[in-house]
Amino acid sequence: MSRLDKRDYYDILGVQKDADADQIKKAYRRLAVQFHPDKNPGDKSAEEKFKEATEAYEVLKDDDKRRTYDQFGHAGLSGAGAGAYGGFDGFDLSDALRAFMRDFGGGGGGVFDELFGGHGRGRGGPMGGPDLKVRLKLTLEEITSGVEKKLRIKHLIQCAECHGSGQAKGSKKTPCLQCGGAGEVRQVTRSIFGQFVNIATCPRCHGAGEIVEKPCPGCRGEGRIEGTSTISVKIPAGVSAGNYITVAGAGHAGPRGGPAGDAIVIIEEAPHEMFERHGDDVLYALPISFTQAALGDSVIVPTLNGSVKLTIPAGTQSGKLLRLRGKGITHLRGFGSGDQLVQIIVWTPTDLSSDEKALLKKLSESRGGQPPKADRSFFEKLRATFKN
Ligand SMILES: [Zn+2]
Ligand SMILES: [Zn+2]
């Protein structure tokens, strides 16, 4: 459109020459919503009207530009004559859309409700796919040695039919009119504290900058479908329940070719038959006979990595904790491992033969084997046991 053909800005907006800022804004808003390309898809004349109104508004809302226009007309703003204000010769639809979004797209403007029946605002999701949470149960043996696991996961994968584009074979994409192909929109929020501008993903194209004309039948235009994959996760030694490992890009595929989210593998601990984890130490209960406790013994006990010999000193009390250094869980950070604590439980026999009973009677008649009186030091020892 050449300069000479241009309509008068006041005429375009349908306001008087002395209209105030508020009247200009209201007039433009009404026209912009009426002729917005999202409301008039494919309507070239609506698009022209939208552009024209936006251009008029951009000039008339700005006191300096308005004064220049009042004095010199279109010539004052165009090309070489534009001076500091920049020309409007290159003012295209995406400029107009951006200008509109800047002033009216924000939460305070409420224009989305008018344009899209209340579903527009805040709908813009990230163009990337969401993360996928996967739970992985590990045994204490796996935790202390570290392990590599293959996991079969169900997630959204890129549609093979359209390679994620979401469009049917042979169909074209059209630039998104709301964001002018930028994929993002500026949102302006006004409050009593002032004006806040933030960049948000375009709610119409979800950041793609393009609109799919004919959706792919395989994915109904989403660019992704449900599928399964096998991922490999390397778990370092010493993890705990609740720790997680991120496998980048193994989450859900993004819509229409957007990048995939991550798989978040959350560690769980399978309860162990013999060991109980306390931090990086493990507790193991060892029943022994009272003769072993009294005379001492050497026994083989299991640990998380093989069996080891444990010496029970003579005169070991029930409840005593014996420590196998370094036989616990590998420290996640740094070197070394926790310990295995072996809690001695002196087992009272319940199925004695008559010969054994006779021997025990003989023993009880002798002076030995009498427990001490329970005094304070006895309880302190007992408490020390439970502290661990
Ligand atoms: Zn597809
Ligand atoms: Zn868009």
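Only this structure's heavy atoms are used, side chains among them; waters, hydrogens and symmetry mates stay out. Whatever order the structure lists them in is the order used to number ligands and atoms, beginning at 1. By convention here, the first residue in the shown sequence is residue 1. Keep in mind that this is a model prediction, so the values were computed, not measured.
- Side chains of Glu213 and Thr174: no donor on one and acceptor on the other come within 3.5 Å.
- Counting only N and O atoms by type, the side chains of Ser337 and His331 include no donor and acceptor under 3.5 Å apart.
- Glu52 is not listed as a side-chain neighbour of Leu31, based on a closest heavy-atom distance of 4.5 Å or more.
- For the side chain to side chain contact (heavy atoms under 4.5 Å, CB included) test with Asp280, the passing option among Ile329, Asp339, Thr330 is Ile329; the others fail.
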Take Glu55 and Tyr9 through the test side chain to side chain donor-acceptor pair (under 3.5 Å) and record every step on the way to the result. CA-CA 8 Å; Glu55 188 184 317; Tyr9 286 150; 2.7 Å; yes

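- Taking the centre of each ring, Tyr57 and Tyr28 come in below the 6.0 Å mark.
- Taking all atoms of both residues into account, the shortest heavy-atom contact from Arg186 to Ile199 is CG-CD1, 3.4 Å.
- Here the angle at the Zn ion (ligand 2) defined by SG in Cys205 and SG in Cys179 stands at 110°, rounded to 10 degrees.
- Annotation: angle subtended at the Zn ion (ligand 2) by Cys176 SG and Cys202 SG is 110°, to 10°.
- Distances shorter than 2.8 Å separate the Zn ion (ligand 1) from the protein N/O/S atoms Cys159 SG, Cys162 SG, Cys216 SG, Cys219 SG.
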